[in-house]
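What follows is one structure encoded as structure tokens, with my remarks underneath.
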Amino acid sequence: MIGKMLVASTNSHLPSAAGRWMGAEHVHGRRGTLRKKPSFSPRWRAALPMIVTFCLVWLGYLSIVTIVVATDPYDIYRWGARLKLTRN
Amino acid sequence: MIFIDPLFLFLFLPVTLIAFYLALLTRGRNEALLVIFTASIIFYAPYGISSVFLLLVALLVNFGVSNALLAMDDNDPHRRVLYGCGQGYNIASLCYFKYKIVTVLLGENSDFLTDIAGVAIPAGISFYTFHQAAFLADAYVREKSVVEFFEGTRSLRSGFWAFCRYGAFVSFFPQLIIGPITYLHEFHPQVKSRKFISFDPLDIAVGLAFISIGMFKKVVIADNIAPTVDLVFGAAGAGAVMDPAHAWIGALSYMAQLYFDFSGYSDMALGLARMFGLRYPLNFYSPFKATGILDYYRRWHMTLTRVIARFLYTPLSITGTRYCAVHRLSPLPTHILGLWLPMLINFQVLSLWHGAAWTFVAFGLMQGVWSAAEAQIRGSKKYKRMCKVTSPFIRLLVERAIFFMLICLSLTMFRSESVGAAFHLYGQMFGASLDAPSAFEMREPVLMLFCAFSIIYLLPNGVELMRRYRPAIMTYENESYGFAFLRSIWRPSWGWAAFAAILTISSLHYVSRQPPFLYQGF
């Protein structure tokens with residue numbers, strides 16, 4: 001559906017910013033009229049596995065960093081507390 | 001910052017990418033290149049404010065001189081002088097800040113001059129200086145893309161944007177510290193193209209794959225081999241005796257460490273540039289698969305080889321050959337002036353580019369003599385006759401074996417702390433102390449070496465793996481010698497994405513130690 005989406009442009013011979021983001025290009029139709037050829041879908045679909053996987057890695061790493069900084073188990077920051085193991 | 005720093009990977013890179021694409025798609029090329037320029041300066045800032053200042057001054061000087069060279073008439077006698085001044089500045093800053101020439105000539109107590117030179121060697125100075133020297137030479141000969149680059153820079157505003165474009169070209173962070181050394185005709189047409197102003201998600205996918213492979217090579221392979229190298233070369237530096245097996249393990253480990261360090265960096269640089277929609281020239285292409293030293297330099301640090309060949313070897317060789325032809329000298333002096341001398345000078349400069357040390361002088365001499373001898377042998381009738389009667393496969397094996405042995409010995413010199421330490425290690429390698437006690441447990445280093453050399457010789461390199469997506473500008477045409485059944489092609493599938501994620505996560509496991517790239521020191 002997104003692939004079929006047409007993007008309006010104020011300039012008749014150039015695609016809009018959002019259009020360029022999706023890779024929209026102006027090509028000549030059969031009768032010489034300008035129509036937009038969105039190439040969003042196939043390229044995005046192809047790149048999706050890599051982008052999704054690395055977004056997960058990125059979020060996972062940032063979450064771990066956030067947890068470690070917030071709990072500060074090694075007492076590096078002002079709010080940290082040294083780990084103590086006591087019986088009972 | 002360095003590429004394997006989590007701060008760079010998880011914060012700096014995503015923020016820069018978002019800012020770049022926002023600027024590109026909402027404003028235009030110039031603004032996007034301004035984002036790149038600014039981000040590159042931020043990337044460089046942790047190396048020191050004085051380094052940043054020096055970089056900005058070098059940018060301003062080279063930009064100003066290039067602009068003036070293009071504005072001047074070809075017949076203007078001052079044009080040549082100005083070009084000489086521009087190149088003089090580049091050479092002088094390299095001599096002053098990198099080679100500490102003032103300290104060498106005047107001693108450490110010559111006041112002001114040595115005080116400034118006393119700062120640490122600015123990171124990447126050899127790279128960006130060569131980068132700009134090549135640009136200046138292109139401006140002098142009015143290379144087409146340089147002329148186009150400066151077109152319409154008459155007003156202050158257009159001059160500012162031209163400087164930003166130039167700043168992005170020279171200081172773009174994927175290539176600022178360790179190269180590749182790029183020509184403007186490789187950068188400018190890409191920036192000018194219509195494709196540059198669109199966002200291609202496949203660029204991000206290809207870039208991420210390159211970064212994961214490169215980071216694994218550097219952090220997991222090279223850095224785990226490094227302790228063995230430090231141990232053996234440290235012991236050799238102290239004059240300790242060691243078992244020949246240990247000495248060989250140390251020498252081979254350095255080969256593998258240097259290979260994976262530089263290969264990892266080169267892959268990461270290509271990947272990072274690709275994420276911004278740019279392709280950079282290939283700098284590294286399986287150099288240990290070379291069949292000789294001449295082949296090796298078409299695979300190792302290729303962009304430096306081509307710059308030195310263009311500005312030094314070719315002019316020297318042409319001048320020597322022309323001199324011999326004009327004076328009708330016999331074949332021997334013609335060979336000496338047209339081949340041997342240019343090769344020796346070429347490799348001496350190539351070697352001294354890494355730093356001012358006697359080990360580099362010895363390394364350059366070894367490489368120069370080897371290259372000239374190889375060129376002489378390959379050009380001889382005997383060799384050509386032998387090629388006709390021997391099997392290409394056997395020849396390939398023999399040539400590779402000779403190459404491997406000689407490159408191992410010369411890289412030992414390259415890594416050693418002094419020439420004496422290198423010769424001491426050679427002695428240990430060839431059995432000077434057969435009954436020396438064992439210095440370390442050999443099982444793990446041998447296993448690591450086995451894995452490392454299996455990857456080098458059996459698997460495709462990063463560029464071969466990604467060849468479907470044209471990952472780089474080819475610097476030299478190189479033959480691939482890997483087994484055909486092992487030459488797989490990367491695709492952005494879920495399987496390859498999982499593989500890349502595994503490489504990344506295993507690299508992140510080691511990333512906290514963050515040792516710098518070896519070439520950062522050059």
Side-chain angles (χ1 to χ4, degrees), chain A residues 1-3 5-28 34-70 72-77, chain B residues 6-7 9-11 13-15 17-18 21-29 31-32 194-212 215 271 274-275 277 466 468-469 490-509 511-512:
Chain A
M1 194 188 89
I2 299 167
M5 205 166 75
L6 290 180
V7 182
S9 171
T10 49
N11 198 334
S12 63
H13 65 279
L14 283 173
S16 67
R20 274 182 280 155
W21 170 264
M22 300 193 317
E25 287 173 25
H26 289 260
V27 290
H28 288 278
L34 284 172
R35 67 184 169 82
K36 286 159 192 151
K37 188 189 100 183
S39 53
F40 172 82
S41 192
R43 299 192 87 78
W44 269 102
R45 208 178 299 142
L48 204 64
M50 283 298 286
I51 292 176
V52 169
T53 308
F54 278 86
C55 278
L56 289 175
V57 171
W58 184 65
L59 285 173
Y61 190 86
L62 286 187
S63 316
I64 292 170
V65 169
T66 311
I67 292 167
V68 170
V69 171
D72 192 15
Y74 297 103
D75 197 18
I76 296 167
Y77 307 107
Chain B
L7 194 69
L9 289 169
F10 290 94
L11 208 65
L13 183 61
V15 169
L17 268 175
I18 291 168
Y21 279 110
L22 274 178
L24 187 70
L25 299 171
T26 57
R27 306 288 299 179
R29 280 174 239 267
E31 288 79 358
R194 265 189 73 188
K195 196 182 172 297
F196 184 69
I197 49 164
S198 64
F199 172 75
D200 187 351
L202 270 175
D203 283 343
I204 303 288
V206 172
L208 286 171
F210 258 124
I211 290 171
S212 59
M215 195 158 74
R274 185 60 182 262
M275 288 177 98
M466 306 292 221
R468 174 184 283 265
Y469 298 94
W490 179 88
R491 286 162 195 277
S493 61
W494 285 106
W496 278 106
F499 176 69
I502 291 168
L503 294 185
T504 309
I505 292 166
S506 47
S507 309
L508 290 174
H509 175 71
V511 88
S512 58

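Below, chains carry the letters A, B, ... as their sequence lines are ordered, and counting in each starts from 1.
Shortest non-hydrogen contact noted between A:V57 and B:F10 is O-CE2, 4.2 Å. When all heavy atoms of B:P492 and A:P49 are compared, the closest pair comes out as O-CG, 3.3 Å. Shown here for B:A497 and A:F54, the closest heavy-atom pair between the two residues is O-CE1, 4.5 Å. In this structure, B:L202 and A:A46 approach most closely via the heavy-atom pair CD2-CB, 4.1 Å. The two residues B:A205 and A:M50 make their nearest non-hydrogen contact at O-CE, 3.5 Å.
Highest contact tally toward chain A, considering only B:A498, B:G495, B:P14, is held by B:P14 [criterion: heavy-atom pairs under 4.5 Å].
Within a 6.0 Å sphere centred on CZ of B:F499, heavy atoms belonging to other residues, nucleotides or ligands number 12 at most.
Distance check, rounded to the nearest 0.5 Å: CD1 of B:I204 to CZ of A:R43 gives 12.5 Å.
With a threshold of 4.5 angstrom between heavy atoms, A:V65 does not approach chain B through any atom at all. Using a 4.5 Å cut-off between heavy atoms, B:T504 contacts chain A through its side chain alone, with no backbone atom that close.
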* side chain to side chain contact (heavy atoms under 4.5 Å, CB included) between A:T53 and B:W494, intermediate numbers included -> CA-CA 8 Å; A:T53 308; B:W494 285 106; 3.9 Å; yes
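Ring planes of B:F199 and A:W44: tilted class, angle from 30 to 60°.
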